[in-house]
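The figures that follow rest on heavy atoms only: side chains count, while hydrogens, waters and symmetry mates do not.
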Amino acid sequence: MVFRGLGFRLRAGQALTVEGPNGSGKTSLLRVIAGFLRPEEGAIRLEMKDGQPVAAREERSAFIGWLGHQDGVKAQMTPREILRFHAQLYGVRQPDVGAALNLVALARVADLPVQYLSAGQKKRLALARLKLSDRPLWLLDEPLSALDAAGRALAAGLVRGHCAEGGMAIIATHEPLELETEKLLLAA
C-alpha cells in the first residue's frame, strides 16, 4: 500500500534522494529494491548495459551495494579484515584495501578492533566497504548519520564519484547531501 502508484527510472550516472518523514517507507523502499523484502505487486528491474533486464531478486543482488543502518561488522575484527572479507564476498579481484582505508581516513586505525571505533568511523568503514564492492547501484540508507562535516563531504564525494563513473545511487535521507540528485518524496 505504501508504494501504490510509485514508479521511477534511474539511469547510469544519476543519483536519487528518497525523502519523507519517519515511517514514510524510505528504508522499506530500499529494502524492496535490494531484494530483502518482496513487493506485493509490481516489478523492480535493473537494465544492464547490454539491454537485458535483471528482475529476479537473487540476480539483482549481484549489482547492488548496500549501506544500511546497521554497520554489519564483527566487533573483534579490524577494518582491514572487514574490508578483505567483504571484498572476497563481493568477488572483487585484487582489492586495494589500503587505498580504501586511506580514502575514508581510517588508515591509522586499520588494525584496531572495530569495537573501539566511533560511530562516525564505523560509518566511514561502511562507505569504504561500499566503494570496494564495485557494484553499479548503491543503496544508501541515511548515509550521513554519525558523520562529522568532513565525513559528510566524504560521503557526498564518494557518491558523486560513483555516479561520474557511470554508477547509480538511491539515497534515503533527511539531510542534504550537497550534490545534484533527482528527488522522490514519500508521504507519511
Side-chain angles (χ1 to χ4, degrees), residues 8 10-22 24 26-27 29-31 33-34 63-73 75 77-87 89-90 92 95-186:
F8 62 88
L10 196 62
R11 298 192 189 303
Q14 288 185 310
L16 171 76
T17 53
V18 181
E19 301 173 1
N22 292 344
S24 62
K26 297 180 300 297
T27 297
L29 177 61
L30 293 184
R31 288 180 176 162
I33 294 167
F63 301 95
I64 293 174
W66 174 263
L67 186 148
H69 290 283
Q70 303 297 321
D71 53 33
V73 297
M77 291 177 72
T78 68
R80 185 181 316 279
E81 292 169 334
I82 287 165
L83 291 182
R84 283 185 183 144
F85 171 80
H86 280 91
L89 183 68
Y90 290 136
V92 177
D96 193 343
V97 170
L101 290 164
N102 282 328
L103 182 65
V104 297
L106 291 179
R108 67 182 179 85
V109 295
D111 298 307
L112 185 69
V114 172
Q115 66 191 7
Y116 299 113
L117 300 184
S118 71
Q121 288 172 317
K122 288 176 186 175
K123 182 67 79 168
R124 286 171 179 262
L125 180 57
L127 288 165
R129 187 179 66 226
L130 186 63
K131 174 72 174 155
L132 205 58
S133 76
D134 198 31
R135 303 287 172 93
L137 175 58
W138 287 2
L139 302 177
L140 301 93
D141 197 2
E142 297 297 345
L144 303 180
S145 65
L147 290 174
D148 58 15
R152 290 168 188 249
L154 170 71
L158 287 173
V159 172
R160 191 178 298 112
H162 178 66
C163 291
E165 293 170 356
M168 299 172 288
I170 301 175
I171 307 128
T173 186
H174 291 284
E175 304 174 60
L177 270 164
E178 305 300 325
L179 55 100
E180 290 290 319
T181 69
E182 301 294 320
K183 293 194 184 333
L184 175 64
L185 181 61
L186 299 179

Can you list everything that forms a salt bridge (charged side-chain N to carboxylate O under 4.0 Å, His left out) with [X]? Sequence neighbours excluded, please.
{"X": "Glu182", "answer": "none"}
{"X": "Glu81", "answer": "none"}
{"X": "Arg129", "answer": "none"}
{"X": "Asp134", "answer": "none"}

Between [X] and [Y], which heavy-atom pair has the shortest distance, and what is it?
{"X": "Gln14", "Y": "Cys163", "result": "O-SG, 3.5 Å"}
{"X": "Ala34", "Y": "Ile64", "result": "CA-CD1, 3.8 Å"}
{"X": "Ala155", "Y": "Leu147", "result": "CB-CD1, 4.1 Å"}
{"X": "Ser133", "Y": "Leu130", "result": "OG-O, 2.6 Å"}
{"X": "Asn22", "Y": "His174", "result": "OD1-NE2, 3.0 Å"}
{"X": "Glu178", "Y": "Ala156", "result": "O-CB, 4.5 Å"}

Would you check if the side chain of [X] reaches a backbone N or O of [Y] as a donor-acceptor pair within less than 3.5 Å?
{"X": "Thr181", "Y": "Lys183", "result": "no"}
{"X": "His162", "Y": "Leu158", "result": "no"}
{"X": "Lys131", "Y": "Ala100", "result": "no"}
{"X": "Arg135", "Y": "Trp66", "result": "no"}

Nearest 0.5 angstrom please: [X] [atom1] to [Y] [atom2], how far?
{"X": "Leu144", "Y": "Thr173", "atom1": "CG", "atom2": "OG1", "answer": "5.0 Å"}
{"X": "Leu16", "Y": "Leu184", "atom1": "CG", "atom2": "CG", "answer": "5.5 Å"}
{"X": "Leu139", "Y": "Arg31", "atom1": "CG", "atom2": "CZ", "answer": "12.0 Å"}

Original post:
If you measure from the Lys or Arg side-chain nitrogens to the Asp or Glu carboxylate oxygens, is any gap between Asp148 and Lys123 under 4.0 Å?
Top reply: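 Between Lys123 and Asp148 there is no salt bridge, as every charged N stays at least 4.0 Å from the carboxylate O atoms.
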Validation: residues 104-113 side-chain donor-acceptor distances under 3.5 Å, sequence neighbours left out:
from   : atom 1 : to    : atom 2 : distance (Å)
Asp111 : OD1    : Arg80 : NE     : 2.9
Asp111 : OD2    : Arg80 : NH2    : 3.2

Does the side chain of [X] reach to within under 4.5 Å of the side chain of [Y], using non-hydrogen atoms?
{"X": "Leu154", "Y": "Arg124", "value": "yes"}
{"X": "Leu30", "Y": "Ile170", "value": "yes"}
{"X": "Val73", "Y": "Leu117", "value": "no"}
{"X": "Phe8", "Y": "Val18", "value": "no"}
{"X": "Leu185", "Y": "Glu19", "value": "yes"}
{"X": "Leu137", "Y": "Ile33", "value": "yes"}
{"X": "Ile171", "Y": "Pro143", "value": "yes"}

Original post:
What residue among Leu140, Leu177, Leu127 forms side chain to side chain contact (heavy atoms under 4.5 Å, CB included) with Val159?
Top reply: Leu140
Subject >> Positive for side chain to side chain contact (heavy atoms under 4.5 Å, CB included) with Arg84, one of Val97, Thr78, Val92 >> reply: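 That would be Val97.
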Original post:
Considering residues at least two apart in sequence or located in another chain, which fulfil the side-chain contact (heavy atoms from CB on, under 4.5 Å) criterion with Ala12?
Top reply: none
